[in-house]
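Worksheet: one structure, shown below.
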Amino acid sequence: MNGENSLTLCSTDNFVHIIENLEELQNTQDYPILNELLSEPGICKIGADLKEIIKAVAEKTDIQICGNLYDVQLMHYVLNTEISHNINFIVKQQLSIDIETITSNSKEEAKDLFSGAAEETEEQKKERKKKSAALCALMPIVRDELEKKLSGDRVYKEIEMPLISVLAQVEMAGVKIDTRQLKEYSKELTAQMNEIEQEARKLADDASINLSSPKQIGILLYEKLKLNPNVKKSVKGNYSTDETTLNELKDTHPIVEKILEYRNLKKLLSTYIDALPLLINPKTGKVHTTFNQALTSTGRLSSINPNLQNIPVRTERGREIRKAFVPSDPAGCIVSADYSQIELRLMAHMSGDENLIAAFNSGKDVHAATAAKLYNVSVDEVTAEQRRKAKTVNFGIIYGISAFGLAERMEIPIKEAKEFIETYFKTYPGVSRYINAIAETARKKEYVETIYGRRRYLKDINSRNANVRKFNERNAVNAPLQGSAADIIKLAMIHVFARIQAEHLKSKMVLQVHDELVFDVVPSEREAIMKIAKEEMENVIKLKVPLTADCSYGENWLQAH
DNA sequence: ATAAGCACGC
DNA sequence: GACGTACGTGCTTATA
């Protein structure tokens, strides 16, 4: 094991058990011993989901966990994002040991155990030791695999390992929500929703129709009102009633608009306005999301309980919710810093396309610059409509475009979409070559990589099924872009966090939303935080195009944009 | 309990 | 002839 001393941190559901692999140290509930072991940089820490353990220890003690963090689950994720990282499954698979039987303590029992007021049963202790030993045995196996893939080892050690503690701190900091604002907004929108429900029911001539039921809506629109006799059913025999479909029916009957509006209000109320206040931790008065660091296939984080990465911003009604995300000190502010067009910039960098690089280097709006080239006009002559179309294509490129998909989105015939893509590739021939090259690489290696070497395996890239193959080809294009962006912002978080610590600032990083970092800033630190965020985000890596982060502040998250 | 449908973000 | 732009989470209804 590298000669490195190690400590295995083993948690059951609600409680952290500290297990040392030195037999003579038995009583690890003892604070001085715990402190010495956990804060010793020379002792590496082994476990699964160490972020949870770091948080639990921080909540109950003032101990700082130091030393290398070997999170077997996270290491396994870096090895291959596509497969299961369920720790019980991995242990069973690699060691043929079953640790799924381990009993977990109730919250109350866990509390008592930690304070030393109660003791584990012999049975619990035995199972815990078994799990700990399994993790300890598994770690070097997974680490050897990582070291075999040199880039994977680098991704783990330079990105994921240092990010664990940063994320733990971000989650613990939490974000302040103005509940009173949400409660008032809830009253307002609920009233509106009820009114619309009444109107819709009247129009439907059905006093009890459930507007939240796509099935009932489908029957109403297509069987009772016969709005579209040519409507096709899904494979499961259901009518489609989603937003795109209903927008096409808008002019045929007034109820369609009511349904859309009802859905919009219902979504905002049930997912955000009414749900968020219930998730406020009474101890801290804040909402604390959990970032899943070992989940997405591309290397992005995800956010749950609550998901704070999908707070509305698109519509006026939705944006209102962001006003409730406020600084914890009323005299402070929210600072938001977001990367501008990071994925498209990465496309410019990775493809090396001279025209796309030039578009970014001109410092002009890239969608307008693209439109200028596509329509063969000067940048100031580009119309809003031309820019919108160019923007759609730019996004399409990142997602692995098809003529049909583009035609749908731009509401133009497939033939035109085809021509549009051809023009795009003529404008940016390097992009065209890159897309072909990355697909070829993917077919040969059955994986693609980010700038830092994070892999996404594409095991079905050579499938005989053309649909499956095409799907994998889109992933081959998108994963290096989305994944490199994820790597870059993760590194930025590590650097920003280090600066905040080094400069002894009190403000806190509270959210990451894929290309954006959000800070809860105390009154005197606004300029310092904005400077640090911009500097660290922009200087993570030198690309062939500038990497820019736009930074602003306000008295809430909405104003900080 | 689980799946399907829908809608929110990047 | 089908498929048809990446990555997520969560709410609600319907079905088993």
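Reminder, nothing fancy here: chain letters follow the sequence lines and each chain counts from 1.
Here A:T241 reaches the OP1 or OP2 of B:dC6: one of its side-chain N or O atoms lies under 4.0 Å away. When the side-chain nitrogen and oxygen atoms of A:N264 are compared with OP1 and OP2 of B:dC8, one or more of them lie within a distance under 4.0 Å. Put simply, A:T271 has no side-chain N or O that comes within less than 4.0 Å of OP1 or OP2 on B:dC8. Contact between the side-chain N/O atoms of A:S240 and the OP1/OP2 oxygens of B:dG5 is not found at any separation under 4.0 Å. Taking 4.0 angstrom as the limit, A:N210 places a side-chain polar atom (N or O) nearer than this to OP1 or OP2 of C:dT13. Distances shorter than 4.0 Å separate none of the side-chain N or O atoms of A:R263 from OP1 or OP2 on B:dG5. Taking only side-chain nitrogens and oxygens, A:N475 never comes nearer than 4.0 Å to OP1 or OP2 of C:dA6.
Annotation: A:F420 is not in aromatic contact with A:Y424 [ring centroid separation under 6.0 Å not met].
Within 4.0 Å (heavy atoms only), A:V477 reaches no atom of the nucleic acid at all. Looking at heavy-atom distances under 4.0 Å, A:I311 makes contact with sugar-phosphate atoms alone, never a base. Among the heavy atoms of the strands, none lies under 4.0 Å from A:L268. Residue-level contact check: A:E408 touches neither bases nor backbone, having no heavy atom under 4.0 Å from any strand. Nucleic acid contact class of A:N478 (heavy atoms, under 4.0 Å, all strands): sugar-phosphate only. In this structure, A:K470 reaches neither bases nor backbone, as no heavy-atom distance under 4.0 Å exists between it and the strands shown. Using a 4.0 Å heavy-atom distance criterion, A:I398 is classed as making no nucleic acid contact. As judged by a 4.0 angstrom heavy-atom cut-off over every strand, A:R469 is placed among residues making no nucleic acid contact. At a threshold of 4.0 angstrom between heavy atoms, the contacts of A:G400 are confined to the sugar-phosphate backbone, with no base atom among them. Among the atoms of the strands shown, none is found under 4.0 Å from any heavy atom of A:E343.
Here the closest non-hydrogen pair linking A:L295 and A:Y77 is N-CE1, 3.4 Å. In plain terms, the two heavy atoms of A:N556 and A:V326 that are nearest each other are CB-CG1, 4.2 Å.
Taking a pair as Watson-Crick or G-U wobble with both distances under 3.5 Å, the runs of three or more consecutive pairs in DNA chain C are B:1-9 with C:7-15.
Comparing A:S297 and A:F404 by the nucleotide of DNA chain C that holds the closest heavy atom to each, the one mapping nearer the 5' end is A:F404.
The side chain of A:Y272 lies closest to B:dC8 when the candidates are C:dA6, B:dC8, C:dG8. Closest contact between the side chain of A:N310 and the listed nucleotides C:dC7, C:dT13, B:dC8 involves B:dC8. In the set B:dG9, C:dA6, B:dC6, B:dG9 carries the atom at the smallest distance from any side-chain atom of A:H514. Taking every side-chain heavy atom of A:R314 into account, B:dG9 is the closest of B:dG9, C:dG4, C:dT12. Comparing atom distances between the A:N307 side chain and each of B:dA4, C:dC7, C:dT9 picks out C:dT9 as nearest. Minimum atom distance to the side chain of A:S270 is reached by C:dT12, of the listed B:dA7, C:dA6, C:dT12. Of the candidate nucleotides C:dT12, C:dA14, C:dG8, C:dA14 has the atom nearest to the side chain of A:K215. Residue A:Q216 places its side chain closer to C:dA14 than to any other of C:dA14, C:dC7, C:dC11. Closest contact between the side chain of A:E243 and the listed nucleotides B:dC8, C:dG10, C:dT9 involves B:dC8. Taking every side-chain heavy atom of A:P312 into account, B:dC8 is the closest of C:dC7, B:dC8, C:dT12.
With salt bridges taken as basic N to acidic carboxylate O contacts below 4.0 Å, none links A:E473 and A:K470.
Nucleotide C:dT13 holds its C1' atom 12 Å from the CD1 atom of A:I219, rounded to whole Å. In this structure, A:K267 places its NZ atom 14 Å from C1' of C:dT13, rounding to the nearest Å. When the P atom of B:dC8 is taken as reference, atom CD1 of A:I304 falls 22 Å away, rounded to whole Å. Rounded to a whole Å, the CG atom of A:L406 is 15 Å from the C1' atom of C:dA6. Separating the CD1 atom of A:I489 from the P atom of C:dC7 is a distance of 19 Å, rounded to the nearest angstrom. Atom CG of A:L265 is separated from atom P of C:dC11 by 17 Å (rounded to the nearest Å). Here the C1' atom of nucleotide C:dG4 and the CD atom of A:E473 are 14 Å apart, to the nearest Å. One atom, CZ of A:F291, and another, C1' of C:dC7, lie 16 Å apart when rounded to the nearest Å.
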#### Entry: side-chain hydrogen bond (donor to acceptor under 3.5 Å, both in side chains) assessment of A:Q482 paired with A:R456
CA-CA 11 Å; A:Q482 190 181 117; A:R456 175 173 186 178; over 6 Å; no
### Message
Test side-chain hydrogen bond (donor to acceptor under 3.5 Å, both in side chains) on A:R345 and A:S340; report intermediate values, then the result.
### Response
CA-CA 9 Å; A:R345 284 173 200 268; A:S340 153; 3.2 Å; yes
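In this structure, the side chains of A:K224 and A:D205 come closer than 4.5 Å at one or more pairs of heavy atoms. Residues A:V175 and A:T289 fail the side-chain proximity criterion, which asks for heavy atoms closer than 4.5 Å.
Of the possible donor and acceptor atoms, one in the side chain of A:T423 sits under 3.5 Å from a partner among the backbone N and O of A:E419. Side-chain atoms of A:R300 never come within 3.5 Å of backbone atoms of A:H514 as a donor-acceptor pair (strictly under, hydrogens ignored).
Ring pair A:Y222/A:Y239 is tilted by interplanar angle, where 30° to 60° counts as tilted.
B:dA7 and C:dG1 have their P atoms separated by 32 Å, with the value rounded to a whole Å. Distance check on atom P: B:dT2 versus C:dA6 gives 27 Å, rounded to whole Å. Straight-line distance between the P atoms of C:dC3 and B:dG5: roughly 14 Å, to the nearest whole Å.
For A:Q482 against C:dA6, a side-chain-to-base donor-acceptor contact under 3.5 Å is present. A donor N or O paired with an acceptor N or O is found under 3.5 Å between the base of B:dC10 and the side-chain atoms of A:R300.
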